[in-house]
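All values reported here derive from a predicted model rather than from experimental measurement.
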Amino acid sequence: MGKTTKTTNTTDTKRKQTGKKSLTELAEHWKQLERKTAEQRKEAEAYYENILMEPIVETFIQNNRPQVTEPVECLILSVGTSYEPLVLDIMLLEPKRVLFLYTEVSERYLAKVVDYCGLDAAGYEKSIIHGTEPLDIYREIKRAYLKWKKPEKIYIDFTGGTKAMSAAAAMAGAMIGVQLLYVGCTEYLVDFRKPNPGTERMFWIDNPLEVFGDIEIEKALTLFGEYNYAGAGERLLTLKEEIPDPAIRQEMNFAYLLAKSYEAWDALDFSEAYEYMRQLNREIRRDRRTHRQFLLMDYAEHLCAQEEVLGRLVQIPELIAAKKQMEVLTDRQYIIPLMFTMYTNACVREVQEKYDMATLLLYRLLEMIEQRRLAVYGLYVSRMDYKNIRYNFEQRPDLEGQSPEDCFSQLKNDINDITGE
């Protein structure tokens with residue numbers, strides 16, 4: 001966090017020498033100050049800012065430092081009409097980057113924060129927003145998040161600002177999965193409209209997925225059940241990273257890998273589908289002994305069989321590239337999985353009411369069946385060679401021993417008899 005030498009505010013009350021007085025003693029003196037006139041209230045506020053604020057910050061850091069377990073890259077704060085919580089935030093977390101979201105009303109309090117924390121121009125950004133327009137907050141947080149290249153260690157403090165600002169900041173933070181926090185206290189002085197000095201605390205807001213995770217999981221699995229593997233994969237990607245429970249995170253990772261494999265398989269990207277399936281089966285084998293109750297464990301054998309099928313399908317593009325189409329058509333280990341892939345895809349499109357695509361896939365399957373049938377007799381549709389047909393002599397024993405030319409001639413006669421020509 002870029003800082004300059006902290007300037008001393010010029011007020012009617014200069015910073016006093018407090019010696020070794022404790023924060024409690026200083027706070028008691030502040031409470032006893034007269035506040036009958038505007039001038040007295042101004043002096044009391046100056047005492048708080050110039051005398052109390054420093055030991056408050058020190059106490060706050062001392063009490064809350066154990067909660068800060070990692071460096072903070074970025075901090076976003078909504079600015080209200082109280083500068084103190086923002087100061088406490090910044091002094092405790094020491095972020096590398098700061099974004100202030102402020103309004104015309106709160107701009108002067110932003111200046112106080114910058115001054116007290118000694119932030120230099122390169123250490124912070126500020127964006128003016130409308131205090132009652134949540135979309136402003138959403139846009140600015142999204143802009144900063146993308147500009148900062150989606151940092152992992154990003155925090156949003158929604159202590160300050162209007163209720164609309166705080167709610168919008170919290171909702172935006174939950175959407176992108178960042179750490180939410182606010183500065184509160186354990187004892188509030190209603191008459192002074194401030195926390196009792198020394199009782200300020202940093203509150204870390206748990207990820208909403210800890211409570212609502214089961215609902216999000218249900219949504220993801222519903223998409224999966226509707227064959228929307230891409231949509232399910234997107235939700236599961238978030239869940240496997242954000243769910244607090246590590247066991248559930250691993251289960252969501254299993255579901256994510258399966259969704260990605262099926263998504264690729266559905267798109268006939270056999271290579272990618274195979275890699276995801278291999279990874280899934282590796283992780284299932286790793287965890288099966290100690291976590292037999294995990295999701296998909298009871299389908300382990302089926303998934304291994306699907307990996308084996310994909311292992312065959314993944315060879316097909318290479319065979320076609322090598323112009324070995326006949327090998328694909330004649331070898332059952334290739335053509336049967338390919339046919340059932342086409343059939344399954346057609347059935348899925350039917351369920352999704354994509355009837356045009358379902359019809360096209362079924363038509364392609366019929367072509368494939370015809371190609372397979374011809375290939376059994378040595379005929380490839382792109383290069384038909386009737387003189388080298390492989391006859392089934394069990395069905396046509398009369399052709400056995402005859403030359404290819406005679407067999408072909410007899411075949412033509414049979415066809416002419418059928419067609420009446």
Compare all side-chain heavy atoms of [X] with those of [Y] and state whether any distance is below 4.5 angstrom.
X	Y	value
V113	Y102	no
F270	L268	yes
L310	P337	no
P55	L26	yes
W204	V68	yes
K240	F254	no
V72	K153	no
K324	V328	no

When you check the gap from the basic side-chain N to the acidic O, do [X] and [Y] get nearer than 4.0 Å?
X	Y	result
K260	E263	yes
D266	R349	yes
E73	K149	no
R97	E125	no
D414	R396	yes

Judged by atom type as modelled, is there a donor-acceptor pair below 3.5 Å linking the side chain of [X] to the main-chain atoms of [Y]?
X	Y	answer
N63	T59	yes
E400	P397	no
S166	F158	yes
R65	L92	yes
N64	F60	yes
T103	S106	yes
S78	L101	no
T159	P85	no

Original post:
Could you walk me through whether K194 and E45 pass the salt bridge (charged side-chain N to carboxylate O under 4.0 Å, His left out) check?
Top reply: CA-CA 11 Å; K194 286 184 183 295; E45 184 62 31; 3.7 Å; yes

For [X], does the [atom1] atom have more than 12 heavy-atom neighbours from other residues, nucleotides or ligands under 6.0 Å away?
X	atom1	answer
Y363	OH	no
F203	CZ	yes
Y188	OH	yes
E301	CD	no
Y380	OH	yes
R193	CZ	no
K354	NZ	no
D356	CG	no

How many angstroms lie between atom [atom1] of [X] and atom [atom2] of [Y], to the nearest 0.5 angstrom?
X	Y	atom1	atom2	answer
L313	I335	CG	CD1	10.0 Å
L303	S261	CG	OG	8.5 Å
F340	N345	CZ	CG	13.0 Å
I154	K96	CD1	NZ	13.5 Å
T199	I56	OG1	CD1	9.0 Å
I128	E104	CD1	CD	5.0 Å

Original post:
Would F100 and L86 satisfy side-chain contact (heavy atoms from CB on, under 4.5 Å), going step by step from the backbone distance to the final call?
Top reply: CA-CA 10 Å; F100 295 105; L86 282 67; 4.2 Å; yes

**OP:** Sequence neighbours left out, what passes ring pair (Phe, Tyr, Trp, His ring centres under 6.0 Å) with Y227? Give chain and number order.
**Re:**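 Once residues adjacent in sequence are excluded, Y227 has no partner under the ring pair (Phe, Tyr, Trp, His ring centres under 6.0 Å) criterion.
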
Original post:
How about Y274 and Q315: does a side-chain donor come under 3.5 Å of a side-chain acceptor?
Top reply: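 The criterion, which ignores hydrogens and geometry beyond distance, is not satisfied for Q315 and Y274.
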
Original post:
Under the side-chain contact (heavy atoms from CB on, under 4.5 Å) criterion, do S127 and L99 qualify, and how do the steps go?
Top reply: CA-CA 7 Å; S127 296; L99 170 63; 3.8 Å; yes

Original post:
I129 and E133: side-chain contact (heavy atoms from CB on, under 4.5 Å), yes or no, with the steps?
Top reply: CA-CA 8 Å; I129 59 171; E133 181 49 72; over 6 Å; no

**OP:** State which residues pass side-chain contact (heavy atoms from CB on, under 4.5 Å) with Y138; sequence neighbours excluded, sorted by chain then number.
**Re:**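 With neighbours one apart ignored, the set is P134, L135, A168, M171, A172.
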
**OP:** Could you pull out all residues at least two apart from N228 that satisfy side-chain contact (heavy atoms from CB on, under 4.5 Å)?
**Re:**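 Scan of N228 (side-chain contact (heavy atoms from CB on, under 4.5 Å), adjacent residues dropped) gives L223, A230.
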
Result block: side-chain N/O donor-acceptor pairs under 3.5 angstrom for residues 283-297, not counting sequence neighbours:
residue : atom : partner : partner atom : Å
E283    : OE1  : Q250    : NE2          : 2.9
E283    : OE1  : N253    : ND2          : 2.7
E283    : OE2  : Q279    : NE2          : 3.3

Subject >> E307, E308, Q306 screened by side-chain hydrogen bond (donor to acceptor under 3.5 Å, both in side chains) with N281, the one that passes >> reply: E307

**OP:** Might you point out which heavy atoms bring E84 and Y48 nearest each other, and give the distance in Å?
**Re:**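 Closest approach of E84 to Y48: OE2-CE2, 3.6 Å.
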
**OP:** Locate the shortest heavy-atom distance separating E49 from Y83; write the atom from each residue and the value.
**Re:** CG-OH, 3.2 Å

Subject >> Which residues share a side-chain hydrogen bond (donor to acceptor under 3.5 Å, both in side chains) with R372, sequence neighbours left out >> reply: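 None.
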
**OP:** Could you give me the CA-CA distance, side-chain angles and deciding distance for Y47 and W30, then say whether ring pair (Phe, Tyr, Trp, His ring centres under 6.0 Å) is met?
**Re:** CA-CA 7 Å; Y47 183 91; W30 167 72; 8.1 Å; no

**OP:** Output, in order, the C-alpha distance, side-chain angles, deciding distance and verdict of salt bridge (charged side-chain N to carboxylate O under 4.0 Å, His left out) for R373 and E370.
**Re:** CA-CA 5 Å; R373 186 67 174 172; E370 293 170 355; over 6 Å; no

**OP:** Please work out which of the three classes, parallel, tilted or perpendicular, describes the rings of Y276 and Y256, given edges at 30° and 60°.
**Re:** perpendicular

Side-chain donor-acceptor contacts of residues 175-187 below 3.5 Å, not counting sequence neighbours, with atom names and distances?
residue : atom : partner : partner atom : Å
Q179    : NE2  : I205    : O            : 3.2
E187    : OE1  : N196    : ND2          : 3.2
E187    : OE2  : N196    : ND2          : 3.3

**OP:** Show your reasoning for whether side-chain contact (heavy atoms from CB on, under 4.5 Å) applies to E275 and E272.
**Re:** CA-CA 5 Å; E275 290 305 318; E272 184 169 324; 5.8 Å; no

